[in-house]
Visitor: 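First, the structure itself, so that you have it in front of you.
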Amino acid sequence: MHELSERELQVSLLVGRGRTNKQIATSLNLSAKTVETYLSRIFKKLDVCCRAEIACIVGRGHPSA
């Protein structure tokens with residue numbers, strides 16, 4: 001998770017909590033398109049292909065997430 005930017009980490013944590021892109025966008029004051037862009041970067045950096053994998057990684061790295 002250390003390779004993620006602060007904003008990417010925030011998005012990842014919200015994905016790990018089961019939030020939708022729209023919910024993430026609202027809570028971080030971003031557009032849904034921007035959230036999609038962050039998710040694309042996260043997928044590439046963490047070498048994952050789905051939100052569930054992000055949630056698993058977040059859960060291992062941040063037990064309070």
Side-chain angles (χ1 to χ4, degrees):
M1 297 286 290
H2 64 278
E3 58 272 1
L4 300 181
S5 70
E6 183 65 30
R7 186 60 97 181
E8 291 165 347
L9 182 57
Q10 291 171 334
V11 170
S12 296
L13 291 171
L14 291 170
V15 166
R17 293 180 182 143
R19 303 300 194 273
T20 66
N21 287 5
K22 185 175 179 180
Q23 290 169 327
I24 294 169
T26 299
S27 67
L28 297 178
N29 198 29
L30 301 171
S31 73
K33 179 65 177 164
T34 300
V35 172
E36 290 175 21
T37 299
Y38 280 121
L39 283 171
S40 293
R41 292 177 187 168
I42 293 164
F43 288 158
K44 186 173 183 172
K45 287 183 178 183
L46 297 182
D47 193 27
V48 298
C49 61
C50 67
R51 297 169 76 94
E53 289 181 288
I54 294 172
C56 286
I57 292 169
V58 168
R60 284 195 306 261
H62 293 80
S64 62

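The model shown is predicted, which means the values in this text are computed figures rather than measured ones.
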Visitor: Are Lys33 and Glu36 side-chain neighbours, meaning at least one heavy-atom pair lies under 4.5 Å?
Guide: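 Yes, side chains in contact.
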Visitor: Taking atom NZ of Lys22 as the centre, does the number of heavy atoms from other residues, nucleotides or ligands within less than 6.0 Å exceed 12?
Guide: no
Visitor: Output the distance between atom CD (Glu3) and atom CG (Leu9), rounded to the nearest 0.5 Å.
Guide: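 If we round to the nearest 0.5 Å, Glu3:CD and Leu9:CG are 10.5 Å apart.
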Visitor: Can you name the nearest heavy-atom pair linking Leu4 to Ser12, along with the distance?
Guide: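 Scanning both residues, the minimum pair turns out to be CD1-OG, 3.5 Å.
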Visitor: Are Leu39 and Ile54 packed together at the side-chain level, in the sense that at least one heavy-atom pair is separated by less than 4.5 angstrom?
Guide: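 Leu39 reaches Ile54 side chain to side chain.
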Visitor: My understanding is that only one of Glu53, Glu8, Arg51 makes a side-chain contact (heavy atoms from CB on, under 4.5 Å) with Ile42; could you say which?
Guide: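 Going through the options one by one, the only one that passes is Glu8.
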Visitor: For the atom pair CG (Asn21) and CG (Leu30), what is the distance rounded to the nearest 0.5 Å?
Guide: 11.0 Å
Visitor: Which heavy atom of Ala32 sits nearest to which heavy atom of Ala25, and what is that distance?
Guide: N-CB, 3.8 Å
Visitor: Identify the heavy atoms of Ser27 and Leu14 that sit nearest to each other, and give their distance.
Guide: OG-CD1, 3.4 Å
Visitor: Say you draw a straight line from CD1 of Ile24 to CG of Asn29; how long is it, rounded to the nearest 0.5 Å?
Guide: 14.0 Å
Visitor: Is there a donor-acceptor pair under 3.5 Å between the side chain of Arg19 and the backbone N or O of Arg17?
Guide: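 Answer holds: yes.
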